[in-house]
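Notes follow once the structure below has been shown.
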Amino acid sequence: MAAIFQGIGAATALSPTPSNCFDSKKLPLPSRRSLSGRKASFVVVRSDGSTNFGSGSRSQKAQKLITNAVATKPDSAASTSASKPGHELLLFEALREGLEEEMDRDPNVCVMGEDVGHYGGSYKVTRGLATKYGDLRVLDTPIAENSFTGMGIGAAMTGLRPIVEGMNMGFLLLAFNQISNNCGMLHYTSGGQFKIPIVIRGPGGVGRQLGAEHSQRLESYFQSIPGIQMVACSTPYNAKGLMKAAIRSDNPVILFEHVLLYNLKERIPDEEYICNLEEAEMVRPGEHVTILTYSRMRYHVMQAAKTLVNKGYDPEVIDIRSLKPFDLHTIGNSIKKTHRVLIVEECMRTGGIGASLTAAITENFHDYLDAPIVCLSSQDVPTPYAGTLEEWTVVQPAQIVTAVEQLCQ
Amino acid sequence: MAFASDSDDEQALDFPGGMVSYTSEMRFISESQEKRIPCYRVLDDNGEIINGSDLEPGTSVSKEVAVKMYNDMVTLQMMDNIFYEAQRQGRISFYLTSMGEEAISIASAAALSTEDYILPQYREPGVLLWRGFTIQEFANQLFGNKADYGKGRQMPIHYGSNKLNYITISSPIATQLPQAVGVAYSLKMDKKDACVVTYTGDGGTSEGDFHAALNFAAVTDAPVVFICRNNGWAISTNVSEQFRSDGVVVKGQAYGVRSIRVDGNDALAVYSAIHSARKMAISEQRPVLVEALTYRVGHHSTSDDSTNYCKAIQAAEKTEKPPVSDLFSDVYDVPPSNLREQENQLRETINKYPQDYPSDVPV
């Protein structure tokens with residue numbers, strides 16, 4: 001698949017504050033400086049640690065693809081750019097950076113959605129792109145999700161690589177017909193004659209008092225659709241990497257973003273990189289218990305992890321990232337080590353990603369488990385508006401700590 | 001209490017989309033026009049070209065094209081007959097005919113170039129036939145065998161051929177319409193000298209996708225020709241239960257789309273209209289809506305028995321059969337003794353063994 005630049009060190013920069021520094025000594029790679037000298041090449045790090053170099057299929061432009069649209073923070077120019085490699089930005093800017101790099105690289109990449117053009121998108125992911133690429137490549141659509149998703153599918157079948165933005169993932173329920181019956185199916189039913197390299201993305205999840213209709217977790221509903229891939233980003237680093245990989249993939253990919261994570265700040269590399277669509281991310285290696293999570297819940301888990309470490313536990317935290325298919329290789333290796341699994345998700349209890357993951361783990365790794373799998377999910381209720389109630393539909397760090405303590409008895 | 005002010009009515013509102021003048025006369029636009037939109041045709045009921053008819057200037061249908069159109073229409077009908085019978089014989093699971101609507105698919109295909117993308121609904125195998133799909137290739141798809149381009153994954157009649165620019169048919173109704181706008185968008189980006197042609201039935205125009213697709217096409221100046229085969233029926237739903245507008249042609253203006261109503265059974269009129277529509281779509285970069293009036297001669301598909309909603313057959317089915325006495329009458333002007341004897345014998349047998357006698361035939 002696509003080349004990966006998976007810095008294990010970078011994964012530790014997960015908290016919103018840019019406190020962690022990238023320790024290049026931990027990487028089995030040559031140093032950054034020699035990389036920038038290579039024009040058209042990627043460094044591939046396999047999960048078993050071996051490295052090899054490959055050439056990009058398209059020649060790259062200048063390695064420094066930090067364009068005007070990305071606002072490099074004024075502070076960083078003064079203080080740290082000399083000492084630290086990479087540049088700092090917020091998650092929505094990372095998405096935009098990835099999008100822009102791909103639009104520069106391939107003229108077939110285009111964006112369509114509501115208010116993505118001159119308004120710049122409801123979450124500013126497409127800000128500045130319409131000015132740079134024109135109204136046709138960054139297309140504002142009327143309000144008809146099923147129809148502009150259908151439009152994206154038609155465009156994809158005839159050579160374009162569209163990125164369809166749902167203003168909120170919940171609105172894509174209106175596009176379910178096109179996504180299930182056409183997007184996932186047409187490559188198969190046409191006998192491979194027509195492919196659909198489309199990316200469907202948007203923010204979902206429980207926000208701050210957005211009401212039930214704007215707090216949907218669509219990964220539950222879409223996970224059954226054959227023919228599509230689903231990934232969830234959680235950090236600026238993997239947001240940019242997954243965006244680029246999704247665009248380059250010839251399969252239809254649904255990229256799940258989270259409403260509350262758009263303003264996360266992180267320092268990401270200057271060099272071009274891509275994240276593997278099917279790989280999970282090792283956030284914190286450990287020995288006692290495997291905690292599987294994704295998207296916003298990763299941060300609740302890491303918060304709980306701090307408490308757990310203080311209490312003497314050593315949790316291994318994996319951000320599964322790939323919701324369809326699951327990275328059972330990484331997950332399996334972890335289970336074989338710790339023998340205990342806790343799944344922390346934002347989906348509802350019934351029919352969510354956690355339910356599928358539980359089934360997959362039971363089927364494949366039953367013999368390695370010392371305890372039943374525990375899955376913490378949201379309740380099967382529509383998300384209430386009242387702030388206190390809303391907080392309690394989402395799994396909180398205290399519950400995670402309790403679950404781990406019970407698991408490890 | 002009106003102030004007489006002439007200048008009031010001369011004022012105009014500068015609203016997005018153009019100047020809107022005022023009126024102090026309250027008038028609702030009627031829900032329908034007085035007269036229905038007329039239907040364009042060039043052949044009369046006997047198949048003769050109507051004097052002074054408006055065959056698009058510059059369109060002379062050459063003899064080769066005319067013969068090929070006729071040839072393909074007949075082939076399509078024969079093919080439909082044979083495959084329909086194959087389904088009835090249990091050799092394929094499903095089939096859907098184009099009976100009565102052959103002219104729409106063949107004549108429209110004849111007016112297009114092979115570079116034009118087709119997004120069909122499901123009653124347009126004629127377009128594939130015109131473009132060179134062979135009977136064998138159709139049969140392979142119906143049987144879902146190894147040679148099927150769809151690799152046996154779709155149910156019968158869901159043809160597709162990227163070679164012939166005919167996008168694989170997908171069952172849900174009207175989903176191809178916004179996809180057509182997407183394909184047109186792709187053509188615009190590549191600045192190709194081609195357009196997109198997409199088909200739907202009268203029922204399909206009730207789907208949300210139809211309205212959004214027309215709207216999008218107009219807003220994005222997409223070179224799409226929307227062809228609606230109005231054959232009067234959506235399975236068992238008559239058009240009077242489908243919409244209250246004057247058919248489909250009037251819906252175009254609501255979205256800012258140029259439209260025309262044409263006789264779908266007049267191959268030359270269809271050819272002429274589509275030829276024009278295509279030129280407009282490409283040179284002016286705009287969508288066009290063509291409503292082709294026709295009639296669905298066959299059933300909706302092999303899964304449908306339209307006799308259920310065709311009254312004549314139902315009524316005939318319910319009427320009693322003729323009585324036994326009609327078996328012997330009219331052989332001669334007056335029944336002779338031997339026939340009278342035979343009738344009596346028959347009646348005795350029936351009385352003795354009533355359970356062996358059909359119950360729906362009166363004695």
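Just so you know, these numbers use all the heavy atoms, side chains as well, and skip hydrogens, waters and symmetry mates. Residue numbering restarts at 1 for every chain, and letters A, B, ... go by the order of the sequence lines.
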key: Structural part of B:Y117 lying under 4.5 Å from a heavy atom of chain A   = side chain

ask   = Quick check: does any side chain N or O of B:S186 sit under 3.5 Å from a backbone N or O of A:T158, one acting as donor and the other as acceptor?
value = yes

message = Please check if the number of heavy atoms outside A:Y119 that lie under 6.0 Å from its OH is greater than 12.
response = no

ask   = For the residue pair A:S147 and B:P178, what are the closest heavy atoms and their distance?
value = O-CB, 3.2 Å

query = Can any side-chain N or O of B:Y185 pair as donor or acceptor with the backbone N or O of A:L136 at less than 3.5 Å?
reply = yes

request  = Check whether B:Y166 gets within reach of chain A through its side chain, its backbone, both or neither, counting any heavy atom under 4.5 Å.
outcome  = backbone

task = Determine, stepwise, if the pair A:C110 / B:M189 fulfils side chain to side chain contact (heavy atoms under 4.5 Å, CB included).
result = CA-CA 10 Å; A:C110 55; B:M189 294 266 267; 3.8 Å; yes

query = Counting only heavy atoms not in B:Q253, do more than 12 fall under 6.0 Å of its CD?
reply = no

Over all atoms of both residues, closest heavy-atom pair of A:Q178 and B:T175 = NE2-O, 3.0 Å

query = What closest approach, in Å, do A:F148 and B:F216 show between heavy atoms, and which atom pair accounts for it?
reply = CB-CE2, 3.3 Å

query = Taking only heavy atoms into account, what residues of residues 119-150 of chain B are found under 4.5 Å from chain A?
reply = B:Y149, B:G150

message = With a 4.5 angstrom heavy-atom cut-off, is it the side chain or the backbone of A:N146 that approaches chain B, or both, or neither?
response = both

request  = Examine whether an atom of A:M112 lies under 4.5 Å from a heavy atom of chain B, and if so say whether it belongs to the side chain, the backbone or both; otherwise answer neither.
outcome  = side chain

request  = Test side chain to side chain contact (heavy atoms under 4.5 Å, CB included) on B:Q179 and A:N182 and set out the steps.
outcome  = CA-CA 10 Å; B:Q179 289 173 8; A:N182 291 315; 3.2 Å; yes

inquiry  = With rounding to the nearest 0.5 angstrom, report the CG to CG distance, B:D190 to A:N108.
reply    = 6.5 Å

inquiry  = If we define contacts as heavy-atom pairs under 4.5 Å, which of B:I167, B:N165, B:V219 has the most with chain A?
reply    = B:I167

query = Got a donor-acceptor contact below 3.5 angstrom from the A:Q193 side chain to the B:G160 backbone?
reply = yes

ask   = chain A: which of B:A180, B:S170, B:A213, B:S161 shares the most heavy-atom pairs with it under 4.5 Å?
value = B:S161

query = Between A:H187 and B:R153, what is the shortest heavy-atom contact and its length?
reply = O-NH1, 4.5 Å

request  = Give, as side chain, backbone, both or neither, the part of B:D209 having an atom under 4.5 angstrom from any heavy atom of chain A.
outcome  = both

